[in-house]
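Order of the sequence lines fixes the chain letters, A, B, ..., with proteins taken first and strands second; residue numbering starts at 1 for each chain. Computed from a prediction, not measured in an experiment: that's the story for all the values here.
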2 protein chains.
Amino acid sequence: MPTVTDRYHHGDLPNALRRAAVDVIGERGPAGFSLREVARRAGVSHTAPAHHFGDVRGLLTSVAAEGFQTLEATTTAAAAEHDDPVEQLMAIGEAYVALARSHAAHCSVMFRPDLVDQDDASLRTCGLGAYSVLERTMRRVIEHEGVDVDLDDLTWMCWSTMQGLVTLEGKFNALNELRGNDPISTRDLVRRFTAIIVRGMHT
Amino acid sequence: MPTVTDRYHHGDLPNALRRAAVDVIGERGPAGFSLREVARRAGVSHTAPAHHFGDVRGLLTSVAAEGFQTLEATTTAAAAEHDDPVEQLMAIGEAYVALARSHAAHCSVMFRPDLVDQDDASLRTCGLGAYSVLERTMRRVIEHEGVDVDLDDLTWMCWSTMQGLVTLEGKFNALNELRGNDPISTRDLVRRFTAIIVRGMHT
DNA sequence: TCTGGATGTTGACAGTGTCCAGATCGATGT
DNA sequence: ACATCGATCTGGACACTGTCAACATCCAGA
């Protein structure tokens with residue numbers, strides 16, 4: 001009985017290619033990405049990906065969109081475990097930095113305009129979905145704190161801080177080690193940063 | 001009389017290669033970078049760069065280090081134009097986002113572990129130099145505000161927020177446009193984010 | 001002066017993305 | 001049942017890439 005990979009028509013090649021792409025990026029980084037290597041791992045000819053994604057950029061765009069989808073899913077789930085809005089905000093932050101670890105390949109592509117088609121409709125939709133989770137929570141935080149501040153400002157500041165933390169984490173740890181300090185928990189850092197934002201929104 | 005580029009020995013090839021590399025990255029993005037194209041623009045054979053930078057990673061590492069150097073220089077100059085520590089902090093933030101525009105090529109490489117040798121000694125030195133400018137100013141802010149908070153925490157939060165702002169700026173503007181809002185000045189955003197951090201450091 | 005090391009060149013090799021023509025399959029209509 | 005057509009996949013080709021080895025050129029110090 002032929003398995004699904006033996007057949008001329010793969011069956012679900014797009015998903016298989018996405019998984020292979022994530023593996024390759026995870027091992028070699030986005031710079032070492034190779035479309036042919038991806039095809040090889042999916043057990044398919046080197047031109048097969050083009051029929052589904054057009055272009056290397058198309059495949060990476062699809063990976064990025066998948067990243068935003070799981071970001072929306074995990075942050076939604078994390079927020080749902082708390083009632084207090086501030087705790088929800090912290091949980092979202094923790095989920096964000098956790099995702100940067102568990103899905104490093106996706107995250108290393110999501111904000112890279114040179115690798116991804118920023119105008120792709122599904123990418124924009126998925127990005128917006130992830131944003132609205134944070135925005136919804138931030139709205140509740142603002143109400144809970146009873147302050148009068150711009151929702152978009154706060155939402156973007158929160159996202160910026162988390163994203164910056166993720167990209168600078170390496171340098172942060174390097175400096176910490178250089179100075180002989182104890183290693184710092186990124187989760188704790190997220191909580192302290194979030195606390196500063198919440199306090200700082202009061203006039 | 002032969003110009004410097006006519007001679008067998010270029011004279012200052014490393015700098016010429018760095019400049020060419022910055023041009024290429026600026027036009028094609030870090031993903032479209034090509035060592036041969038850089039050599040072509042410098043008017044030199046395709047293997048010449050190897051003698052100065054070893055491989056492509058070496059050249060990009062050098063570009064990144066240069067980026068940190070000019071970051072240190074511009075933030076230092078920006079801070080020197082004010083006396084009030086909080087104003088200095090804001091000026092540093094403005095200089096940071098300005099650098100992301102004026103030196104987009106450098107910035108698109110500085111925090112990319114897959115493109116750059118993070119263990120390179122000169123890169124680490126330059127990165128530390130840029131960090132210490134922000135740290136010095138943040139120390140003054142903390143004293144000025146008379147609060148008792150961890151200096152490293154605040155410094156990294158400030159850097160994270162600025163860095164996140166720069167990488168998310170595109171998505172931010174896209175959403176803003178989608179909702180039909182007026183375009184937002186990134187400089188104003190930096191000032192508001194900084195103000196939140198300064199307020200939030202009070203217990 | 002000559003000699004060694006730094007600097008730059010040429011040629012080669014495997015690997016890459018994309019285009020093109022063709023092969024194979026599955027669903028659809030008769 | 002069967003022909004057909006579009007979707008899916010293959011193989012070959014092309015220009016381009018990074019790196020290696022062997023060679024050429026030049027400068028500086030013994």
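- In terms of position on DNA chain C, the residue among H51(A) and E37(A) whose nearest nucleotide sits closer to the 5' end is E37(A).
- Checking dG8(C), dT17(D), dT18(C) against every side-chain atom of R40(B), the shortest atom distance belongs to dT17(D).
- Each of R36(A) and T47(A) has a nearest nucleotide on DNA chain D; the 5'-most of these lies closest to T47(A).
- The pair R192(A)-D150(B) does not count as a salt bridge, with every side-chain nitrogen at least 4.0 angstrom from each carboxylate oxygen.
- Going from atom CZ of F53(B) over to atom P of dT7(C) covers 11 Å, rounded to whole Å.
- Counting to the nearest Å, the P atom of dT17(D) and the CZ atom of R41(B) are 11 Å from each other.
- Atom NE2 of H52(B) and atom C1' of dG5(C) are 13 Å apart (whole Å).
- At least one side-chain heavy atom of E145(B) sits under 4.5 Å from a side-chain heavy atom of V86(B).
- Put simply, the side chain of R101(A) reaches to within 4.5 Å of the side chain of E169(A), judged on heavy atoms.
- Taking atom CG of D12(A) as the reference point, atom C1' of dC25(C) lies 17 Å away to the nearest angstrom.
- At distances below 3.5 Å, not a single donor-acceptor pair connects side-chain atoms of T194(A) with backbone N or O atoms of M90(A).
- Residue H46(B) contributes atom NE2, which lies 17 Å from atom P of dA15(D) at whole-angstrom precision.
- In this structure, the CZ atom of R28(B) is 16 Å from the P atom of dG17(C), given to the nearest Å.
- The listed nucleotides are dG17(C), dG8(C), dC9(D); the one nearest the side chain of L13(A) is dC9(D).
- Residue contacts for S45(B): at a heavy-atom cut-off of 4.0 Å it reaches a base atom on one of the strands shown.
- Summarising the geometry, the separation between CG on L115(B) and P on dG18(D) is reported as 12 Å, rounded to the nearest angstrom.
- As judged by a 4.0 angstrom heavy-atom cut-off over every strand, R57(A) is placed among residues making no nucleic acid contact.
- A salt bridge is defined here as a Lys NZ or Arg NE, NH1 or NH2 lying under 4.0 Å from an Asp or Glu carboxylate O, and R40(B) with E37(B) meets this definition.
- Rounded to a whole Å, the CZ atom of F33(A) is 11 Å from the C1' atom of dG17(C).
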